[in-house]
Protein chains: 2
Amino acid sequence: MELSNSLNTKQMERADRRVGRSGAPDRPVLASGLLPQLLGYQLRLAHLAVFGDFSASVGSLGITPGRLGVLLLVEANEGVAQTPLAAAAGLDRSTMVPLLDQLEQSGWLERRRGPDRRTNGLWLTVAGRDFLARAKVRIRAHERRIAARLSAKERAELIRLLGLLRSG
Amino acid sequence: MELSNSLNTKQMERADRRVGRSGAPDRPVLASGLLPQLLGYQLRLAHLAVFGDFSASVGSLGITPGRLGVLLLVEANEGVAQTPLAAAAGLDRSTMVPLLDQLEQSGWLERRRGPDRRTNGLWLTVAGRDFLARAKVRIRAHERRIAARLSAKERAELIRLLGLLRSG
DNA sequence: TATTGTTATACTCTATAACTATA
DNA sequence: TATAGTTATAGAGTATAACAATA
């Protein structure tokens, strides 16, 4: 899953500047050598462009893509404990602690003591639901933007090919 | 370019465990909610899988993908100064300093005083060339592995679609 | 004055190991 | 003993600001 590992604010700005919608990326004057022939490199550039747009769009709501991803996971699994949530997000459970602290401080989720009293169940607050509704508007706009040059068929084909890559 | 920002050893191992070739990824028991429908998320998973394979393959040579990328850029632009190299790699020039220190300590490149005596020209050493030759063998094997499930036509189509995404 | 490489410093994201409370 | 959450700590990768040398 690996929802975190997200760009921070500064990195978002740099990614934006480099690959954003403001026209041509400021291409290095340097030769790129072997790099452009590599599938992984092309994948990285595309990921960077898409993720940069996502970060800029979602970031202005005051959250990073990683934290938003965690919030979406909690939405889909209300009452989930921290350790399985961390596993689903591809993070260590110790890494999840301060991340959840922040989401809790923002008032978007809360920890409730579970039946097994070692665990915390995670629940969205009303504010958290409101926030997610607003975030999803941004997400939809983002999806429209990045897929603007693809037909529905091409979009589906891209997802299929990405899946093949992943299962390789 | 953004060659760095690479996975470290620990992250490589985790990525490997999660998406590697050892069979099924250990899927979270959790519902994934909105996430799987997002193009950016699918892109991220594919990138993670490919980058994990690349890291594992290249990492056993004692270098991170980010540093190897810088080495490839120097190969394609011998004599380049630090600042334009940093720009091409998407890094700050201050970030490039310790990175180049390491490559220099590994004996793969050297700084030579340029005609403008404020600058260092960067040059591969003989050992650096040898190393790159070995690394390229790994890179080719990696490309074969990740594209194993794609026909030549599909591979080309994937690159085309990724390009469309990027120029969106 | 401006630029290059450098240093000092700090921030983000992440992990491991050890602690505590519960089981 | 084992597990869940937490804390303390560390490391990788990155940036900004300020400095010395050179232009």
Side-chain angles (χ1 to χ4, degrees), chain A residues 1-18 48 51 55 59 63-70 79-104 109-122, chain B residues 1-18 48 51-52 55 59 63-70 79-87 89-104 109-122:
Chain A
M1 281 255 180
E2 196 76 13
L3 299 167
S4 298
N5 198 334
S6 20
L7 298 176
N8 61 32
T9 310
K10 292 294 161 44
Q11 287 171 327
M12 287 189 240
E13 283 163 7
R14 294 194 310 116
D16 239 34
R17 206 182 313 132
R18 215 158 48 246
L48 197 66
F51 203 58
S55 297
I63 194 172
T64 62
R67 301 202 209 303
L68 179 59
V70 167
V80 68
Q82 296 185 194
T83 294
L85 179 64
L91 298 174
D92 190 86
R93 68 190 206 273
S94 69
T95 305
M96 191 54 76
V97 173
L99 196 163
L100 292 173
D101 287 346
Q102 274 204 284
L103 293 177
E104 204 170 17
L109 61 73
E110 55 186 14
R111 292 164 158 114
R112 295 190 205 154
R113 177 175 291 175
D116 178 336
R117 297 225 312 267
R118 289 173 303 185
T119 65
N120 293 326
L122 299 168
Chain B
M1 282 258 180
E2 195 77 13
L3 299 168
S4 299
N5 198 333
S6 19
L7 299 175
N8 63 31
T9 309
K10 293 294 161 43
Q11 288 173 326
M12 287 189 244
E13 282 163 9
R14 293 194 311 115
D16 239 34
R17 205 182 317 133
R18 216 159 45 248
L48 198 65
F51 203 59
S55 296
I63 195 173
T64 63
R67 301 201 209 303
L68 178 59
V70 166
V80 67
Q82 294 184 195
T83 294
L85 178 64
L91 298 173
D92 190 86
R93 67 189 206 272
S94 70
T95 305
M96 192 52 78
V97 173
L99 197 163
L100 292 173
D101 287 348
Q102 274 203 286
L103 293 177
E104 204 170 18
L109 61 73
E110 54 187 16
R111 293 163 158 113
R112 295 189 204 154
R113 177 176 289 176
D116 177 338
R117 297 223 315 264
R118 290 173 303 185
T119 66
N120 293 328
L122 299 168

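So you know, we letter chains A, B, ... as the sequences are listed, proteins then strands, and number each from 1.
- The CD atom of A/Glu104 sits 13 Å away from the P atom of D/dG5 (whole-angstrom rounding).
- To the nearest angstrom, C1' of C/dT6 lies 17 Å from CD of B/Gln102.
- By the side chain to side chain donor-acceptor pair (under 3.5 Å) test, B/Arg93 is found to be paired with no residue, residues two or more places apart in sequence or in another chain being considered.
- Panel note: side chain A/Gln82, backbone A/Asn120; no donor-acceptor pair is recorded below 3.5 Å.
- Closest approach of A/Arg111 and A/Val97 over heavy atoms only: NH2-O, 3.3 Å.
- What separates CG of B/Leu99 from P of C/dG5 is a distance of 14 Å, to the nearest Å.
- Inter-residue side-chain proximity for A/Leu85 and A/Leu100 is flagged as met; some heavy-atom pair is nearer than 4.5 Å.
- At the phosphate of C/dT12, neither OP1 nor OP2 sits under 4.0 Å from any side-chain N or O atom of A/Arg67.
- Residue B/Asp92 contributes atom CG, which lies 11 Å from atom C1' of C/dG5 at whole-angstrom precision.
- You'll find the side chain of A/Leu91 reaches within 4.5 Å of the side chain of A/Leu99, heavy atoms only.
- Atom-to-atom, CG of A/Leu100 to C1' of D/dT7 comes out at 15 Å; the value is rounded to the nearest Å.
- Between B/Leu122 atom CG and C/dG5 atom C1' the separation is 11 Å, expressed in whole Å.
- Taking 4.0 angstrom as the limit, A/Ser94 places none of its side-chain polar atoms (N or O) nearer than this to OP1 or OP2 of D/dG5.
- Between B/Met96 atom CE and D/dG13 atom C1' the separation is 12 Å, expressed in whole Å.
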What string of B, S and - do you get for nucleotides 18-23 of chain C 5' to 3' if you count protein non-hydrogen atoms under 4.0 Å? ----BS
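- Considering all non-hydrogen atoms of both residues, B/Glu104 and B/Glu110 come closest at OE2-CA, 3.7 Å.
- OP1 or OP2 of C/dC13 has not a single side-chain nitrogen or oxygen of A/Thr95 nearer than 4.0 Å.
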Could you check B/Thr119 against B/Thr83 for side-chain contact (heavy atoms from CB on, under 4.5 Å), going step by step and ending with a plain yes or no? CA-CA 9 Å; B/Thr119 66; B/Thr83 294; over 6 Å; no
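- Computed from coordinates, the A/Leu91 CG to D/dT6 P distance equals 15 Å when rounded to whole Å.
- When the nucleotides C/dT4, C/dT6, D/dA4 are ranked by their closest atom to the side chain of B/Gln82, C/dT6 comes out on top.
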